[in-house]
Amino acid sequence: MPASHSPASLDLFEASLRIIAAGQASSGAFVASPTFSQYPYAWLRDGAFVAEGLDLAGRLDRSGLFHGWVARIIVRSRAGMGRAMDRARRGQLPAADEYLHCRYDLDGRVADADWPTFQLDGPGIWLWSLAHHEHHGGVVAGEVREAARLAARYLAVLWPLPCADAWEESPEHVHTSTLAAIRAGLEAAVSLDRRLAREPEVATARAAIAGRLSTFRGAFTKWSGSTAVDASLLWMAAPYETLEPTEPRFAATLSRIESELITADGGVHRYREDTFYGGGAWPLLTAAYGRVLLRRGAPGDLERAWAALRWIERQADEQGRLPEQVADHAFAPHRVGEWRARWGESARPLLWSHAAYLALHVELGAHERETEAGARPEPEARPEPGAAGRKDLAAP
Ligand code: BGC
């Protein structure tokens with residue numbers, strides 16, 4: 001249902017921080033959504049992106065708590081991860097009591113649910129987010145540093161295995177977006193501990209993954225053999241920054257995303273065949289698109305990045321809660337009803353949507369501009385390419 005009220009940007013910024021804070025357990029875990037029946041768990045992927053948004057908003061205390069929670073899980077899982085690595089070296093898939101799960105309950109116990117749990121992007125995104133945390137002044141020490149080394153060694157061995165993607169689908173494939181997350185994670189781990197670069201399995205994986213990113217007619221695809229594009233590929237350029245937006249394969253991917261996955265009002269969809277809640281548009285992908293544009297900095301990109309921010313704001317309800325997706329321009333409108341009948345409306349609030357909003361808001365400098373202007377600003381200047389994402393805000 002379209003939101004009837006769109007709070008001013010500053011309100012949504014504060015509401016986002018409040019919603020994320022309320023969704024953080026004392027363990028440090030972030031619940032995916034406090035209200036949606038299927039999302040009472042803490043995903044590594046969601047949490048790592050939430051932590052990034054908090055770093056950018058100056059809430060290093062909260063992102064630090066999350067990293068401590070992940071580190072405890074990883075250190076505790078060391079023996080199982082070792083067995084998973086032994087199996088992977090023999091070309092076998094690891095068992096559920098060996099691999100790191102994609103989500104846990106808020107106390108860090110393996111969550112009991114019916115969804116695929118083997119997803120290698122999560123630890124990759126976590127490593128990337130952890131390095132981001134340190135880069136923004138967070139402390140990464142002791143057990144957290146140890147967990148980062150364990151996660152890097154684990155990914156360096158398991159990366160060629162098929163697993164469910166960022167959308168928890170198609171576990172039989174090796175997904176390009178997952179490889180991109182692992183790649184970002186390994187680079188981040190090496191930046192945290194240079195000695196990892198000299199470990200043979202890490203060195204081999206870093207070199208090999210870059211050659212395994214599958215393409216069709218020059219643009220990245222969902223997996224090798226697929227011709228489809230997926231908006232999660234945006235993360236390569238923003239926020240991972242493992243590729244420049246102008247890199248030819250990424251540029252070709254971006255133009256496919258723009259022509260195939262962005263509908264009339266500017267929201268970004270996951271992929272063309274998506275039927276989950278009808279395959280609507282996702283605020284968190286729309287934010288990633290805006291962040292890619294900021295990094296590219298071509299004529300008109302700044303205006304389009306502001307339009308992405310405004311699109312997200314229009315999806316907030318009167319309590320400033322953002323959903324996972326909106327169905328206004330769904331790719332499969334006839335499939336929306338079945339999901340609503342099963343689980344109710346799309347998850348709202350989704351913490352990751354709020355974090356993505358915070359990140360785009362900070363990178364646009366929306367906070368400063370709106371505080372100074374007291375009104376909605378018009379974009380004035382093009383940002384320096386590469387300067388986006390490197391700006392901190394004081395804690396609210
Ligand atoms: C999404 C995942 C996400 C999970 C929790 C799933 O529907 O596809 O990307 O991690 O929800 O938000």
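Small disclaimer: the values here were computed from a predicted structure and weren't measured. Just so you know, ligand 1 is whichever comes first in the structure, and atom 1 is the first atom listed for that ligand.
In this pair, Tyr99 and Phe118 present their aromatic rings tilted. The plane angle is within the 30 to 60° band. Relative ring orientation between Trp128 and Phe49 is described as tilted, the plane-to-plane angle lying within the 30° to 60° band. Between Trp282 and Trp167, the angle of the ring planes lies from 30° to 60°, which puts this pair in the tilted group. Taking the six-membered ring where the residue is Trp, Trp126 and His67 present tilted rings, their angle falling between 30° and 60°.
Looking from atom 3 (C) of ligand 1 to the surrounding protein, the closest heavy atom is Asp46 OD1, 3.4 Å. Of all protein heavy atoms, the one lying nearest to atom 9 (O) of ligand 1 is Ala166 O, 2.5 Å. Summary of contacts: the protein heavy atom closest to atom 6 (C) of ligand 1 is Tyr39 OH, 3.3 Å.
Going from atom CD of Glu14 over to atom CZ of Arg18 covers 7.0 Å, rounded to the nearest 0.5 Å. Here the CD atom belonging to Glu260 is positioned 9.0 Å from the OG atom belonging to Ser255, to the nearest 0.5 angstrom.
Short contacts between ligand 1 and Leu350, defined as distances under 4.0 Å to a heavy atom of the residue, involve ligand atoms 12 (O). Atoms of ligand 1 lying under 4.0 Å from any heavy atom of Trp167, numbered from 1 in the order shown and given with element: 8 (O), 9 (O).
Using a 4.0 Å heavy-atom cutoff, Glu324 is listed among the residues neighbouring ligand 1.
Polar contact with ligand 1: present for Arg45 (N/O pair, distance under 3.5 Å).
Contacts between Arg270 and ligand 1, counted as non-hydrogen atom pairs separated by less than 4.0 Å, involve the side chain only.
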